[in-house]
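Reading through the structure tokens given below for one structure.
Here is how names work: the chains are called A, B, and so on, in the same order as the sequence lines, proteins then strands, and each is numbered from 1. For the numbers below, each heavy atom of this structure counts, side chains included, while hydrogens, waters and symmetry mates do not.
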Amino acid sequence: MKAGIVVFPGTNRERDMAIALKRVTGQAPAMLWHRDTTLPKLDLIVLPGGFSHGDYLRCGAMAAHAPLMAEVRAFAAAGGHILGVCNGFQILTEAQILPGALLRNANLRFLSQDCHLRVERADTAFTRLWAKGDVFRTPMAHGDGNYVADPATIERLEGEGRVAFRYARPDGTVAADDQAHNPNGSLNAIAGVFSENLRICGMMPHPEDLVDPLMGGEDGKPLFAGLVEALGR
Amino acid sequence: MSNAGQKTVDEALAREFGLTADEYGNVLSIMGRTPSLTELGIFSVMWSEHCSYKSSRVWLKTLPTTAPWVIHGPGENAGVVDIGQGLAAIFKMESHNHPSFIEPYQGAATGVGGILRDVFTMGARPVANLNALRFGDPANPQTRRIVDGVVRGVGGYGNCVGVPTVGGEVNFHPSYDGNPLVNAMTVGVARQDRIFLSAAAGLGNPVIYVGSSTGRDGIHGATMSSSEFDEDALAKRPTVQVGDPFVEKLLIEACLELMATDAIVAIQDMGAAGLTSSSVEMAGKGGVGIDLDLDAVPQRERGMSAYEMMLSESQERMLMVLRPDRTDVARTIFEKWELEFAVIGHLTDTGRIVVRHKGAVEADIPLAPLADQAPLYHRPTAPSPAPAPLGPVTDPVGTERALMHLIGSPDIASRAWVYNQYDSTVGGQTVRRPGSADAAIVKIDDTSIGLALTTDCTPRYCRADARTGGAQAVAEAWRNITATGARPLAVTDNLNFGNPEKPEVMGQFAAAIEGMGDACRALDFPVVSGNVSLYNETRTPDGTTTAILPTPAIGGLGVLEDVSQAIGYGMQDDCDLILVGETRGELGQSLWLREIHGREDGAPPVVDLAAERANGDFVRAHILGGDIVACHDVSDGGVLVGLAEMVMAGGVGCTLVAPQSGMRPEAFWFGEDQARYIVAVRKGETFLSAAQAAGIAARPLGESGGDGLTLPQGGTISIARLRSAHEAFFPALMDR
Amino acid sequence: MKVRVTVMLKDGVLDPQGKAIAHALHVLDFGSVGEVRAGRVIELEIAETDADKARAQGDAMARALLANLVIEDFTVEVVA
Amino acid sequence: MKVRVTVMLKDGVLDPQGKAIAHALHVLDFGSVGEVRAGRVIELEIAETDADKARAQGDAMARALLANLVIEDFTVEVVA
Ligand SMILES: Nc1ncnc2c1ncn2[C@@H]1O[C@H](COP(=O)(O)OP(=O)(O)O)[C@@H](O)[C@H]1O
Ligand SMILES: [Mg+2]
């Protein structure tokens, strides 16, 4: 699997992502600069976390207009696999590659803590090493992770099975109005969504920061290992 | 010479700028004429307490600063120590106390930004931030606003630049009501052969300005932070500096990219007194002259005068001297990162700083006397009376109630509300996050090395006995590092005190430094960088001045060759619990005394540095040997609070045995005797005999297991109950 | 000319900031406050002397960047 | 009544957000844009029928909470 990580001015979790990808693929991903206008041949594009353009105006708004995003869009249209994490998810929604938007956390504070995610379907490249209903722990670190979309969009996402992950209690139960376990107040406790073709996944938490027992566990590793399985080493 | 300002320069103006009559007299004799406004501005900031350390220098010189592993001690932008494998840790702590009182968010944010620049200016990629915070009485309505702004500011800046905030401390005390303390620490890592210094060199070499443009921000910030607050302070404040962490992030990346080339001769961040202090210090250190052309300075506002540009404290700016043939390489890098890049001057052989603006020479000052004749004061010191020993005290509440009260009290309650607003995992190298070990542990990418980081100070001990308090702060930092298995290497400090012109404050300062020095020497734990913040006082409308508690905050750094050997304090199942170190049951100045009796008196616990060293070396050896699986140093609140913290962190309970015979339970459980550790070991007997053989005091405390903390007299407190008592304070104060 | 673009969350989109502000105002004893909505305002100097053209530019910038039309509405005024 | 409080950074105070927006607009080819300042707007429903009183309340709320007078200025309008 040849992966490329897009770096925008202000991106700050590209290194975490590179470490995680290298851990599972054995090879360093390509680092792509936002102003580039061509893509190398890739199996996976990752939009990593951080504060692209300082998160000024709206998180991800300015990055969504970066020159390289035209290539990312074309890559998506051609059926490529894209993972957007945290700011990367925000960029994908701002670029309208994924539906919905991410508002300020309900308590208006930046939240850096572990959360638990429930896997909503296991037949995608991102989730194939889990079973539907599995719960895994992952760090989150964001101020704007409160997922919203209009009712019609939500209905469609739910109906088409495009919710990738939900915030959950460790036992797998989901309670959208329980602030301890849906910490940012997301609609239907949505933590991540898929594109229609299930090849693009955006999520707020950071599985890439939990792929090493030294850092407290490997709970996030199946996501990356699954991608390698699906897209080839 | 033009005098861009409207003001006449005279002694009265000099005083307004914070210079004394004598100091102004000295300026006149150095200059041989009346200085221009810009020149007066330059003298006043360079000779301010903040830049010249005029009250503290004689005492700072007494601190030990060397060790075989110290690469650069105080004097550079940050301290540099050898951490093995050709790498160096570069670190420093700095205060932003006064700005944080005026505008808590921006004050704290720019504090973080400033200390980051001190570290990456030396070539290090910042790998961790810490922050030591002191706030006023939680019951004071101002406190909540300040806590909220400061915590948001620290997080807002650190999270955006993408440096994990991994530790720190928070205290509350009414003495900080009008004067919170915000001490920020940054730790970076560089290759030892790629460390950048600030001494300028090379006649004719270009002087380059990079980063943000210059506005009228914080003019006279340096002199303001060197005088005490009065009721007018809020009205007189200069334009508040606003931080731009996004630009800082770009600046880090651009500087590190440039530092991978051979373009840089010298580099220095523009901190307090911005362009003035950076240019004067770079030229001064290199023994060269410098010519600046202010027309070339990128400006954010129209019509700025030379005086304003030289004194502006606009953030996110750096000054560099480059090899002339590499200027274009540098320009290309800064353009890529969309940062200002301007050649604003060159080095000369005149030994003078010459500042030109709009065709006029606005300043022309000889650099040597500006530095050498900077004021230096041997301020009178008055010793504080020795605290009366604590007489007999009763225990009105019993062990269980005291424990529940203490773990929910402001100085012990869970800090999760604070550190959960800080991104502690960005970088993917955080091995121990806040709330899980006595020191945070950060791995160095691509190596097996781990850094152990902590900040510590117990100001109530310092007020009672500054010498003991100074030693205790160093000892606690050393102990916190040791408790993870790391080898303590060096410290940075942030000495926060009141008005040094008061002999009793100067006495506290001197005694605290003596205590720190004692401890640093005894523990081989030299001071490699630091910062002094004086005049932390508030003048109340009735004319009285109150100083803060003396607060010599210590930032400690240690190293683990193999980071996988680091341990935390989370309780592990099926262990014997052992207390290492001797217990005399010292309740003087303890939190038990304060929280249960409402008293802040008695002598602080004795700091026995020989015991500290022996106990710590013993514990560390047994952590690295794999015998100890969890370890917590005993500090605020004593042994029982320490045990409760272990239980909460690990989610595993424990059953305790009766305290030491002949000692009152409250003295055993809540005394704050130093040099002690609670360790969880698999084989208690073996460990105890090893301790005995080594001459180390150790006694069994009980064993781990279950889902509660069971006291010797039988009552069990569930982990859930402990946690709810521990976690209530901050949300109740802040999330109303 | 100076153009002001005001961006507000669409009706029906939950506004966490507005809600928090309302709560804080109630705590401060501003009991008469009902619903609160929070938004952004962006003031732009535009090198343009014709008010209609300036407004049109503001509109174009709002659509292109300043507002996220998935969740936000905007208005444009020429203020100077 | 509905009151709108607009909060802007004071002149001379660095506005990182405005700066970044201006830059982004230039990249998007809105070359005519000069200085950009970003601010906040808060719309409040107030249980009050007198416009002057509503405005006075908005003013009080701005001072108490909505604006940070150390670095920000505000204006209050009654909009409905
Ligand atoms: N201001 C802060 N920022 C980040 N972490 C903090 C802060 N204050 C406290 N912490 C963390 O909370 C935990 C408990 O703090 P404290 O009780 O002071 O620790 P200790 O007694 O072990 O020195 C530690 O992990 C500490 O690093
Ligand atoms: Mg401690």
Side-chain angles (χ1 to χ4, degrees), chain C residues 1-11 15-50 53-67 72-77 79-80, chain D residues 1-11 15 17-50 53-68 72-77 79-80:
Chain C
M1 310 202 75
K2 199 188 227 169
V3 166
R4 181 186 295 150
V5 178
T6 306
V7 182
M8 304 291 292
L9 285 171
K10 283 186 176 156
D11 280 344
D15 175 5
Q17 231 176 322
K19 228 175 75 181
I21 293 172
H23 174 78
L25 287 171
H26 289 153
V27 171
L28 288 175
D29 265 352
F30 290 101
S32 62
V33 172
E35 206 196 347
V36 177
R37 307 281 290 172
R40 271 192 313 277
V41 39
I42 300 114
E43 287 189 357
L44 308 126
E45 281 295 345
I46 303 188
E48 181 61 73
T49 48
D50 179 293
K53 285 195 187 149
R55 189 176 300 110
Q57 286 234 17
D59 189 90
M61 291 188 273
R63 283 174 203 285
L65 180 73
L66 305 178
E72 295 171 331
D73 286 329
F74 68 90
T75 55
V76 182
E77 307 153 85
V79 289
Chain D
M1 310 203 76
K2 199 189 231 171
V3 167
R4 181 185 296 150
V5 178
T6 306
V7 183
M8 302 294 291
L9 285 169
K10 285 185 177 159
D11 279 346
D15 178 3
Q17 191 162 201
K19 221 174 66 183
I21 294 171
H23 180 81
L25 289 170
H26 290 153
V27 171
L28 287 176
D29 266 350
F30 291 100
S32 62
V33 171
E35 206 196 346
V36 176
R37 305 281 289 172
R40 284 172 292 128
V41 44
I42 301 109
E43 288 189 356
L44 309 125
E45 279 296 345
I46 303 188
E48 180 62 71
T49 48
D50 180 293
K53 286 193 186 150
R55 188 176 303 108
Q57 286 235 16
D59 190 272
M61 291 187 275
R63 281 172 203 285
L65 180 77
L66 304 178
N68 174 358
E72 294 171 330
D73 286 330
F74 68 91
T75 56
V76 183
E77 307 153 86
V79 289

**Q.** Least distance between heavy atoms, D/Ile46 atom then D/Gly58 atom
**A.** CD1-N, 4.4 Å

Q: Answer with side chain, backbone, both or neither: which region of D/Ala22 has an atom nearer than 4.5 Å to a non-hydrogen atom of chain C?
A: neither

(Q) I'd like to know which of C/Gly34, C/Ala38, C/Gly39 tops the heavy-atom pair count under 4.5 Å against chain D. (A) C/Gly39

Q.
Working to the nearest 0.5 angstrom, can you tell me the gap between D/Met61 CE and C/Ile21 CD1?
A. 11.0 Å

Q) Can you tell which of C/Gly18, C/Ser32, C/Ala47 has the highest number of heavy-atom pairs within less than 4.5 Å of chain D? A) C/Ser32

Q) Do NZ/NE/NH1/NH2 and the carboxylate oxygens of D/Lys19 and D/Asp15 come within less than 4.0 Å? A) no

Q: Measure D/Leu28 against the heavy atoms of chain C and call it side chain, backbone, both or neither at under 4.5 Å.
A: side chain

Q. Checking heavy atoms, do the side chain of C/Glu48, its backbone, both or neither come under 4.5 Å from chain D?
A. neither

Q: Would you mind telling me which of C/Val3, C/Thr6, C/Val33 has the largest number of heavy-atom pairs within less than 4.5 Å of chain D?
A: C/Val33

Q. Judged by atom type as modelled, is there a donor-acceptor pair below 3.5 Å linking the side chain of C/Arg37 to the main-chain atoms of C/Leu9?
A. yes

**Q.** Structural part of C/Leu44 lying under 4.5 Å from a heavy atom of chain D
**A.** both

Q) Which region of C/Ala54, side chain (C-beta onward) or backbone (N, CA, C, O), has a non-hydrogen atom less than 4.5 Å from a non-hydrogen atom of chain D, or is it both or neither? A) neither

(Q) Quick check on C/Lys10: does its NZ atom have over 12 non-hydrogen neighbours (other residues, nucleotides or ligands) under 6.0 Å away? (A) yes

Q) Please walk me through it: do C/Asp59 and C/Arg55 pass salt bridge (Lys or Arg N to Asp or Glu O under 4.0 Å)? A) CA-CA 6 Å; C/Asp59 189 90; C/Arg55 189 176 300 110; over 6 Å; no

